[in-house]
Protein chains: 2
Amino acid sequence: MDTPAELRISTAHRELLDQVLDKWSLSILNELCERPCRFNELRRAIPEVTQKSLTGTLRRLERNGVVERKVTSTRPVAVTYSITPLGKTLRGPVDVLLDWADQHLPAIEAARDAFDGAGDA
Amino acid sequence: MDTPAELRISTAHRELLDQVLDKWSLSILNELCERPCRFNELRRAIPEVTQKSLTGTLRRLERNGVVERKVTSTRPVAVTYSITPLGKTLRGPVDVLLDWADQHLPAIEAARDAFDGAGDA
DNA sequence: CCGCATCCTAAGGGATACTG
DNA sequence: CAGTATCCCTTAGGATGCGG
């Protein structure tokens with residue numbers, strides 16, 4: 001066992017994960033992994049997100065270097081978002097996480113059930 | 001390559017990860033992986049967390065089956081929190097994530113720097 | 001010792017309207 | 001088309017005091 005390997009949790013770590021694993025980031029990253037997208041393409045792809053949240057999340061992802069924003073100043077203006085190499089490195093870890101979630105979701109739902117049921121008869 | 005393997009992001013997934021990867025969960029899980037803890041032990045171990053947040057997080061973790069809360073109704077009452085087998089399965093994925101953060105933090109900080117600097121001269 | 005209840009503040013997120 | 005700006009409401013979170 002390696003076990004002494006602590007989960008070293010620095011503020012930087014937490015901050016970073018907060019920025020990258022927030023509510024909409026995963027969905028956006030998911031889309032951008034498939035293909036570069038225009039702003040409104042993303043809106044259509046993720047209908048639940050509001051324009052404000054989408055803008056905010058994209059800005060944050062851009063700032064953290066996982067998404068690239070390319071403006072074509074040509075005409076009414078075209079903006080294309082794409083994933084960066086750094087962004088691509090996120091897929092592995094995220095996939096592991098989603099895998100975990102997938103695998104243990106039933107157990108967790110059972111736990112929730114038990115917990116919620118325990119309160120009353 | 002598996003790559004077509006989409007990041008399937010269901011609401012359940014997001015919800016689950018939100019519950020388990022929130023601000024204090026990682027630190028708490030970290031502590032409980034070392035040893036079972038009393039409530040105030042945890043407070044001492046994680047001084048930044050307030051009692052309210054700690055209680056809330058522990059409850060949520062308990063509900064999701066990753067933490068067990070054992071009450072010894074003996075005397076002034078003793079409560080012991082410990083990690084469950086399900087909780088232990090989280091270490092792997094989380095470790096991968098922290099690893100990623102560790103590895104790419106410099107690149108990300110550079111990206112932030114570049115982004116923040118780009119605004120002005 | 002453990003934790004709930006209350007109060008309060010700050011931040012997140014939706015809806016809407018308006019600009020380059 | 002791609003945002004920015006504003007208003008408003010809901011939520012998370014800290015501080016504090018009390019109760020089992």
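Letters A, B, ... mirror the listed sequences (proteins, then strands); counts begin at 1. These figures come from a predicted structure and were not determined experimentally.
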Counting N and O atoms only, with roles assigned by atom type, does the side chain of B:Thr89 sit under 3.5 Å from a partner on the main chain of B:Leu86, one being a donor and the other an acceptor?
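Pair found, side chain donor or acceptor close to backbone of B:Leu86.
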If only atom types and distance count, is the side chain of B:Thr84 paired as donor or acceptor with the main-chain N or O of B:Gly65 below 3.5 Å?
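Confirmed, B:Thr84 side chain pairs with B:Gly65 backbone.
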Sole candidate of A:Glu68, A:Arg69, A:Glu41 that passes side-chain hydrogen bond (donor to acceptor under 3.5 Å, both in side chains) when paired with A:Tyr81
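Checked A:Glu68, A:Arg69, A:Glu41 against A:Tyr81; only one passes side-chain hydrogen bond (donor to acceptor under 3.5 Å, both in side chains): A:Arg69.
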Taking the side chain as every heavy atom from C-beta outward, state whether [X] and [Y] have any pair of such atoms under 4.5 Å apart.
X       : Y        : answer
B:Pro85 : B:Lys88  : no
A:Glu62 : A:Leu58  : no
A:Val94 : A:Leu26  : yes
B:Ser82 : B:Val67  : no
B:Val79 : B:Thr72  : no
A:Val66 : B:His104 : no

Taking only the side-chain nitrogens and oxygens of A:Arg38, find out if one of them lies under 4.0 Å from OP1 or OP2 of D:dA2.
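Yes, A:Arg38 has a side-chain N/O under 4.0 Å of OP1/OP2 on D:dA2.
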side-chain N/O A:Tyr81 vs D:dG3 OP1/OP2, d < 4.0 Å
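Answer is yes, contact under 4.0 Å.
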Strictly by salt bridge (charged side-chain N to carboxylate O under 4.0 Å, His left out), give each pair with a member in residues 18-28 of chain A just once, sequence neighbours left out.
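Passing the test, one end in residues 18-28 of chain A: A:Arg14-A:Asp18, A:Asp22-A:Arg60.
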Over how many whole Å does the gap from A:Asn40 atom CG to D:dG3 atom C1' extend?
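Nearest whole value for this atom pair: 10 Å.
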Length of the CG-P vector between B:Leu54 and D:dA15, whole Å
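In whole Å, D:dA15 P and B:Leu54 CG are 14 Å from each other.
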Which residues within residues 41-48 of chain A lie with some heavy atom under 4.0 Å of an atom in DNA chain D?
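Per residue number, the list is empty: none.
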Side chain of B:Lys52 only, please: which of D:dG13, D:dT4, D:dC7 is the nearest?
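My answer, after comparing the listed nucleotides, is D:dG13.
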Which of the following nucleotides, D:dG13, D:dA2, D:dG20, is nearest to the side chain of A:Val77?
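The answer is D:dA2.
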Tell me which residues in residues 60-68 of chain A put a heavy atom below 4.0 Å from DNA chain C, sorted by number, or none.
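Close to the strand, none.
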Could you please spell out the steps behind the side-chain contact (heavy atoms from CB on, under 4.5 Å) verdict for B:Arg112 and A:Leu16?
CA-CA 11 Å; B:Arg112 288 181 187 165; A:Leu16 175 51; 3.9 Å; yes
Divergence of helical axes at both termini of the helix from C:dC1-D:dG20 to C:dG20-D:dC1 - five pairs an end, 10° steps:
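Inter-axis angle at the termini of the helix from C:dC1-D:dG20 to C:dG20-D:dC1: 40°.
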Identify, between A:Trp24 and B:Ala78, the residue whose nearest nucleotide on DNA chain C lies closer to the 5' end.
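Per heavy-atom nearest nucleotide, the more 5' residue is B:Ala78.
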Just jot down the ring-ring contact (aromatic ring centres under 6.0 Å, His included) partners of B:Trp24, sequence neighbours excluded, or say none.
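Counting only residues at least two positions away or on another chain, B:Trp24 forms no ring-ring contact (aromatic ring centres under 6.0 Å, His included).
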Along DNA chain C, 5' to 3', what are the outermost nucleotides having an atom less than 4.0 Å from a heavy atom of chain B?
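First-to-last contact on DNA chain C, by the 4.0 Å heavy-atom rule, is C:dC1 to C:dC7.
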Pair A:Gln51-A:Thr55, side-chain donor/acceptor within less than 3.5 Å:
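Per modelled atom types, A:Gln51 and A:Thr55 side chains form a pair under 3.5 Å.
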